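Worksheet: one structure, shown below.
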Amino acid sequence: MKIQLLPSNIDGDGRATPEQHLTCFVIDDCVAVDAGSIAIALTSDQRHKVRDIIVTHSHMDHIATLPIFVDDLYATLKEPIRIHATQEIIDALERDVFNWNVYPRFSRLRNDYGPVMEYIPMCVREEFTVAHLRVTAISVDHIVPTVGLIVSDEKTTVAFSSDTAETVEFWDAINRAPRIDALMIESSFPNSMTHLARDARQLTPATLAKEPEKLSRNDLEIMAVHIKPAYRSKVVNELQSLGIPNLSVMEPGRIYSW
Ligand SMILES: [Zn+2]
């Protein structure tokens with residue numbers, strides 16, 4: 001399985017930098033997890049292949065360029081963009097984004113070939129299929145309805161925490177999985193901002209450090225993501241000083257394979 005966290009920041013010379021403003025992972029060049037930077041950072045090959053997008057929650061940094069992605073492909077789509085999400089998240093997208101005011105209601109529009117965007121509701125704790133992947137969504141603890149994901153192909157299983165504070169059910173599901181190769185876990189704020197992290201229902205390096213203690217396994221690679229760009233160097237230093245051997249910081253743009 002090949003996973004890339006798409007870049008979402010460019011420097012003055014137009015080069016991608018490690019700061020992560022938006023969240024969008026691409027699995028095997030064809031399935032996206034969240035859509036923050038989907039319209040601006042895919043390769044042209046990926047742009048032709050990605051037709052399934054799993055949305056973990058409705059926050060802007062996870063869906064920012066989803067409307068632009070559908071818009072860009074509108075005339076050429078020969079199959080719809082499929083949005084996999086819980087009904088609560090679908091309702092939020094229809095009410096707050098694809099509402100004719102912020103952007104067109106693409107779920108009602110067709111091009112010459114048929115519908116351009118469709119929702120595929122998913123239920124938490126029930127495995128479903130997306131392209132060649134088996135996916136299970138588990139509710140996590142954020143300030144809006146949010147799911148973490150466990151994603152498997154024939155050989156590899158990875159997990160995405162999405163945005164969450166300390167949580168329980170997600171770790172229980174990971175403990176039950178036959179294998180987990182990698183975990184992408186959020187680490188939004190530095191330790192000095194614990195109060196804000198608590199209010200926003202997110203993690204700091206100090207609170208992140210306690211989450212793997214809920215795991216009954218240590219055979220997985222853990223990668224920190226979703227570090228607020230304004231505090232990136234501080235958070236990275238704090239993560240490194242935890243001394244957790246299988247923990248690293250995921251680099252946007254790099255292709256990881258398991
Ligand atoms: Zn969020």
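Whatever order the structure lists ligands and atoms in, that order sets their numbers, starting from 1. Since we're looking at a predicted model, the values are computed, not measured.
His59 contributes ND1 as its N, O or S atom closest to the Zn ion (ligand 1). The atom of His142 nearest to the Zn ion (ligand 1) is NE2, with the search restricted to N, O or S atoms. Atom OD2 is the N/O/S atom of Asp163 found closest to the Zn ion (ligand 1).
Ile89 and Thr56 get closest at one heavy-atom pair: CD1-O, 3.2 Å.
Between the Glu186 side chain and the Thr164 main chain, a donor and an acceptor come within less than 3.5 Å of each other.
Centroid-to-centroid, the aromatic rings of His226 and His59 stay 6.0 Å apart or farther.
There is a side-chain donor-acceptor pair under 3.5 Å between Ser152 and Thr157.
The Zn ion (ligand 1) has an N, O or S atom of His57 closer than 2.8 Å.
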